[in-house]
Amino acid sequence: MPSRQLEKIYEPQAVEARWSQHWLDQGYFTAKSGAPAESYTIVIPPPNVTGSLHIGHALNSTLQDILIRWRRMQGRNALWLPGTDHAGIATQNVVERQLHEEGNSREQLGRDAFIERVWTWKEQSGNTIIGQLKHLGASCDWSRLRFTMDDGLSKAVREVFVRLHQDGLIYRGERLINWCPRCLTALSDIEVEHEQLKGKLYHIRYPLADDPNTFLTIATTRPETLLGDTAVAVHPEDPRYNQLIGKSIRLPLTSRTIPIVGDAILVDREFGTGAVKITPAHDFNDFEAGQRHQLPHLSILNYRAQIDPEGLEKAEVEPSLRAQLVELPVGKARTIVIEALQAQELLPSIDDHQMAIGKCYRCKTVVEPFLSPQWFVKIQPLADPAIKAVETGEIRIIPEAWSNNYLGWMRGIKDWCISRQIWWGHRIPAWYCTTCYPEVKQVEQGAGSSIIPPNATPIVGRTEPSTCPTCHNAEFIQDPDVLDTWFSSALWPFSTLGWPDETPDLKTFYPTATLVTGLDILFFWVARMIMMGLKFTGKPPFRDVYIHALVRDAEGQKMSKSKGNVIDPLTKMSQYGTDALRFTLTSMASPGRDIKLSEERIEGYRNFTNKIWNAARFILMNADGKTEALPFHDRPLIDRWILTRLNYVIESVNTSLENYRFDQAASQLYHFIWHEYCDWYLELIKPALLAGDTPEGRSTRHTLFESFEILQRLLHPLMPFLTEEIWQAIPHEGESIVIQAYPTSQKDWVDPKAEEAFHIIEQVVTITRTGRALLEYGPSKKLTLYGTAKDPNQVSQLHTLITYLEQLGRGELRVTEQDDWPTDHVLRLIVGGFTIGIHIEGEVDLKKALDRIRKQTQAKQKEATRLQGRLASVDFTAKASPDVIQESKERLEALTAELSLLSSSEQQLQRMV
RNA sequence: GGGCGGAUAGCUCAGUUGGGAGAGCAUUGCCCUUACAAGGCAGAGGUCGCAGGUUCAAGCCCUGUUCCGCCUACCA
């Protein structure tokens, strides 16, 4: 057994680098396809290739790593599959920004060169985050690293698209969609972030066509879209207006006349004036109303959200106004329109109004409803089974409260717009015949998808078609759009394992066990994985979805670069050690609550790592002594006690992890290691260790090594580096802690009597120390102590525990049958039926001691009074359970005894003062 | 507008079938006791947001209410 000297303070840096590399070299994280053990799979939420590790990743990855390391140690065939996401819009924006800085643009480069540029950049810096995950200790199977745009995954994407199209679940059509005028692409509904802000509600007078001196006043938040109005609506049952239905309005600022229609869905009689303009091309509600009344669409904005000259013409806007408006951004156009209306006295009032506007989730630009041809997934048939899977509990969402969120969204789900007018991503596998649709040739000049007629028939397939089924031509142009990034992410749990091929990996590791993610991508990602997984594999992609908290800064603000409140996990890792950061995040991962991360907390757990480190040093100091493994029941009292406690912690940590209560597991380990193992056990065994080669010493030494080794294994998933370093230094069997068995509780390691005995030690030692503190006797001052109890059994217990009590009480203990100790010069204290006396010697500030005793007396008196009141209550004695009554009685009895002794101590001190 | 969560010690948070209010950090006093001063020991500190209700008993259950946060939504 080698004795090894450890440094006085734990220095994580070198340790982490060494083990990190070693684990990879040994291939401990590589899962084996077809291995006999039951598999346990987690697929990583693939971080963006553009990204670097932020604190949210650190939390997310730490929790996954804990689960994976724990299951691996339990003997499961554990696979944690890593990878990255191409993150269409986000990545394209990053590279475009680079180009911009070089005075270049993607349009100048052209599509192919631009995509090549993105790939180059991806190869160069795309794996930054992978390296950072390794630093964190993430035990991913790096040999299976995937990327959403690698060949295998791209094949899966095409396969899914083609099959959905065959099933009639993908269609192309012209719809009003959310459009980002900066990214120049369509967005899905959930890619729009809504923001509350103070806006204005404009009241505008529309003259009736047959009576220009009579006006119908409407209310709107977007006066500039008036130019695109194609009707005005009132409520059909509104007596103020319903006689106007069927008549016409002269649309201000234009030479057009538009109808007045009745619409009970669109119009809320209580709101505004009860009359509303209908602009089908610029508002989702109006679009639907337009369909109900067969109104034309009149788009007055171009794809950059500027006033479109062609639109102005079609809208028959007054020529003088046209010149002012052409190509103006929508905001400025509003000002002009308002001025024009005011000039004609058509704008009687402007009210303040709370409203929500939508912003692009990638670039925060205000999105516009925009009419354009797009690809959609018909979602209802996919959503129904996905709803059922969660309702039946086939998929569990943890914490369960989020299930309602999921179900609510799924039940109201709308078709998913999956086409994006960007270049970086999976190109839509649809082609158009250049003979049938000659205009599509312009696509190659970069004109984009708007060139393709909305009702053109695409040929969808896994590869480019050879001949057109209509005209037998063989020349095609592929649809220029790419798929929403989340389309490929939705396939992640099975595409990464080889689907659509029936690979051994797919058979071994699918369905996966647990998905660990944040709430922010429940709809973007989780819901869609469930739908796609059920549709294409017939199985739910995972059993459990664990949703963890969002990490905020110490003030509770969302961390963001612009706010400058980002806590960089890598900095903290090098400052305090990776294990300290991991443990901090783990301990704060309580369900349903955001994490406000503070530096002090990390520092506190850094101290914890050091505490464990020093316990290891202490243990290694004793590594040369002889050991003897005795059967549990023959071991010394304290050994039996600590093993009983250890057994309990093993059980509770396992249970906590089963229930995804990472916070509980962390606090159970923290409390046990620090406050039971170090504070009491290591202190209590010192006499036995120092006594040299005695039977007790040999057994204790054995228990010490054994329990500490188990503790390292128990802690390993939470603190992988520290535990490996210590485990390698202490007596152990095996080559690495990573692949050792996770501790399980043992039936025979339970001794309630040892726990009782320890409880006596704890009580007596604590009261002795309290006495010392009262008298201000420092721990190094040896004292004469007395001990007795009313019950003779308790007295004999004191006798058996005398060595422990002397060790921690730091004095010579005289146990007597009764309190026949000197009346003066002994301070008497009572606890749990025991009376403890401390001999008063030397100069002591008795007044101070007296004050503090009085304070204690007061507190106890208060409690006693309350208990007396309760026991005197007739209702209580009649209705409370016998156990509760008994407990109260015992507690009061003990309090009374303590109080009487305290008062005699008080009198005694009074005499001495 | 709807839904959800939170409000407990100076700060950050636990508190799982309703019965003596807890932890970490910070703080006070004593102590470098031979693993650890990034430590040890002993303390101080709370009308559990507010108001009602159920109960012998409420941080916990019910009703209402205030403030904060999140999700969601087509009041133009």
Side-chain angles (χ1 to χ4, degrees), chain A residues 6 8-10 190 194 201 218-222 233 265-268 270-273 275-279 283-289 353 355-356 369 399 401-402 404-405 408-409 412 519-520 522-523 550 552 554 556 558 576 587-588 590 592-598 600-601 603-622 659 661 663-664 667 670-671 675 678-679 682-683 686 690 765-766 769-774 776-781 808 810 848 852 855-856 863 866-867 870 873-881 883-885 887-888 891:
Chain A
L6 299 182
K8 201 167 175 178
I9 285 180
Y10 175 54
I190 49 176
H194 292 273
L201 188 64
I218 59 92
T220 179
T221 55
R222 299 197 61 187
I265 299 172
L266 184 68
V267 180
D268 173 359
E270 309 298 313
F271 187 85
T273 61
V276 57
K277 66 203 249 338
I278 300 181
T279 322
D283 182 278
F284 289 98
N285 291 318
D286 293 7
F287 181 78
E288 283 172 23
H353 181 60
M355 54 187 280
W402 300 129
N404 289 330
N405 240 9
W409 186 72
L519 185 66
D520 48 340
L522 181 65
F523 304 146
L550 189 70
R552 297 169 178 279
K558 210 167 178 171
Y576 299 109
S587 69
M588 298 184 84
S590 50
R593 188 154 186 152
D594 285 347
I595 296 177
K596 287 190 211 168
L597 188 63
S598 70
E600 291 76 25
R601 194 76 180 239
E603 202 176 320
Y605 290 120
R606 186 272 316 267
N607 295 351
F608 180 48
T609 61
N610 199 47
K611 184 80 182 175
I612 299 168
W613 181 254
N614 277 292
R617 290 178 63 221
F618 172 73
I619 284 158
L620 287 172
M621 279 170 49
N622 294 285
N659 296 324
R661 288 303 302 263
D663 58 323
Q664 288 182 349
S667 86
Y670 183 93
H671 186 267
H675 298 301
C678 292
D679 286 352
L682 293 186
E683 294 303 324
K686 277 176 182 173
L690 293 172
V765 167
T766 302
R769 285 168 173 170
T770 305
R772 269 181 180 276
L774 285 175
E776 295 194 337
Y777 288 140
S780 55
K781 183 167 174 62
L808 293 190
R810 297 197 167 263
K848 214 166 165 182
R852 292 170 74 173
K855 218 169 166 183
Q856 281 195 3
E863 196 189 342
R866 202 173 47 77
L867 276 170
R870 174 192 277 198
S873 149
V874 180
D875 282 335
F876 177 72
T877 46
K879 292 177 184 171
S881 80
D883 284 358
V884 172
I885 295 172
E887 221 178 289
S888 297
R891 176 82 188 131

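Letters A, B, ... are given to chains in the order of the sequence lines, protein chains preceding strands, and every chain is numbered from 1. Basis for what follows: all heavy atoms, side chains included, without hydrogens, waters or symmetry-related copies.
Of the C1' atoms belonging to B/A58 and B/G19, the separation is 10 Å, rounded to the nearest Å. Rounded to whole Å, the P atom of B/A76 lies 28 Å from the corresponding atom of B/G5. Atom P of B/U28 sits at a distance of 15 Å from the matching atom of B/A44, rounded to the whole Å. B/G43 and B/C36 are spaced 25 Å apart, taking the P atom of each and rounding to whole Å. Taking atom C1' in both B/G45 and B/A23, the straight-line distance is 15 Å, to the nearest Å. Between B/G15 and B/U54, the distance separating the two P atoms is 29 Å to the nearest Å. B/U27 and B/G20 have their C1' atoms separated by 26 Å, given to the nearest Å. B/U8 sits 15 Å from B/C50 when the C1' atoms are compared, rounded to a whole Å.
When rounded to the nearest whole Å, the span between CZ of A/F271 and P of B/A73 equals 19 Å. Straight-line distance from the CD atom of A/E600 to the C1' atom of B/A23: 16 Å, rounded to whole Å. To the nearest angstrom, C1' of B/A57 lies 11 Å from CZ of A/R866. The distance between atom CH2 of A/W402 and atom P of B/U72, rounded to the nearest whole Å, is 11 Å. Taking atom CZ of residue A/R601 and atom C1' of nucleotide B/C13, one finds them 6 Å apart after rounding to whole Å. Atoms CG (A/N285) and P (B/C75) sit 7 Å apart, rounded to a whole Å. Rounded to an integer number of Å, the gap from A/N614 CG to B/A38 C1' is 9 Å. Protein atom NZ of A/K879 is 4 Å distant from nucleotide atom P of B/C56, rounded to whole Å.
In the set B/A38, B/C71, B/A76, B/A38 carries the atom at the smallest distance from any side-chain atom of A/N607. When each of B/A38, B/A37, B/C41 is scored by its nearest atom to the side-chain atoms of A/N610, the top-ranked nucleotide is B/A38. Among B/G20, B/C36, B/U12, the nucleotide with an atom closest to any side-chain atom of A/M588 is B/U12. Minimum atom distance to the side chain of A/C678 is reached by B/A35, of the listed B/U12, B/A35, B/G15. Closest to the A/R870 side chain, of the nucleotides B/U33, B/C36, B/G20, is B/G20.
Residue A/H671 places none of its side-chain N or O atoms closer than 4.0 Å to OP1 or OP2 of B/A23. Regarding contacts with the backbone of B/U33, every side-chain N or O of A/R772 stays at 4.0 angstrom or more from both OP1 and OP2. When the side-chain nitrogen and oxygen atoms of A/K781 are compared with OP1 and OP2 of B/U33, none of them lie within a distance under 4.0 Å. Taking only side-chain nitrogens and oxygens, A/K686 never comes nearer than 4.0 Å to OP1 or OP2 of B/U33. Phosphate contact (OP1/OP2 of B/G43, side-chain N/O of A/T770, threshold under 4.0 Å): present.
Take A/N614 and apply the side chain to side chain donor-acceptor pair (under 3.5 Å) test, not counting sequence neighbours, and it matches A/R617. Every residue meeting the side chain to side chain contact (heavy atoms under 4.5 Å, CB included) condition with A/E683, not counting sequence neighbours, appears here in chain and number order: A/K686, A/L808.
Among the atoms of the strands shown, only primed sugar atoms or phosphate atoms (P, OP1, OP2) are found under 4.0 Å from some heavy atom of A/Y670. Heavy atoms of A/V267 sit under 4.0 angstrom from at least one base atom. Looking at heavy-atom distances under 4.0 Å, A/S667 makes no contact with the nucleic acid at all. No contact: A/R222 has no heavy atom under 4.0 Å from any strand. Within 4.0 Å (heavy atoms only), A/E887 reaches no atom of the nucleic acid at all. Counting any heavy atom pair closer than 4.0 Å across all strands shown, A/D883 reaches no nucleic acid atom. Residue A/I218 is classed as having no contact, given no heavy-atom separation below 4.0 Å to the nucleic acid. When heavy atoms are screened at a 4.0 angstrom cut-off, A/A880 is found touching base atoms of the nucleic acid. If you check every strand for non-hydrogen atoms under 4.0 Å, A/L690 touches nothing. The residue A/A615 sits close to a base: some heavy atom pair falls under 4.0 Å. As judged by a 4.0 angstrom heavy-atom cut-off over every strand, A/F523 is placed among residues touching the sugar-phosphate backbone only. Across all strands shown, A/T766 has heavy atoms under 4.0 Å from sugar-phosphate atoms exclusively, and none from any base. No contact: A/K277 has no heavy atom under 4.0 Å from any strand.
Annotation for A/E863: atom CD counts as buried by contact number, over 12 foreign heavy atoms lying within 6.0 Å.
Between A/R772 and A/K781 the shortest heavy-atom distance is NH2-O, 2.7 Å.
If you check distances only, the side chain of A/R891 does reach the base of B/G20 with a donor-acceptor pair under 3.5 Å. Below the 3.5 angstrom threshold, one finds a donor paired with an acceptor across the side chain of A/E683 and the base of B/A35. Evaluation of atom-type donor-acceptor distances gives no pair under 3.5 Å for the side chain of A/R769 against the base of B/A42.
When each of A/Y10 and A/I265 is assigned the nucleotide of RNA chain B bearing its nearest heavy atom, the one mapping closer to the 5' terminus is A/Y10. Nearest-nucleotide positions on RNA chain B place A/V765 closer to the 5' end than the other of A/V765 and A/A219.
Put simply, the side chain of A/T220 does not reach to within 4.5 Å of the side chain of A/T279, judged on heavy atoms.
Between A/F271 and A/H353, the ring-plane angle classifies as perpendicular under the 30° and 60° cut-offs.
Taking the six-membered ring for Trp and the full ring otherwise, the centers of A/Y670 and A/Y605 sit less than 6.0 Å from each other.
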Taking only Watson-Crick and G-U wobble pairs with both distances under 3.5 Å, what dot-bracket line describes RNA chain B, where [ ] shows pairs that cross earlier ones and | shows pairs with another strand?
(((((((..((((.....[..)))).(((((.......))))).....(((((..]....))))))))))))....
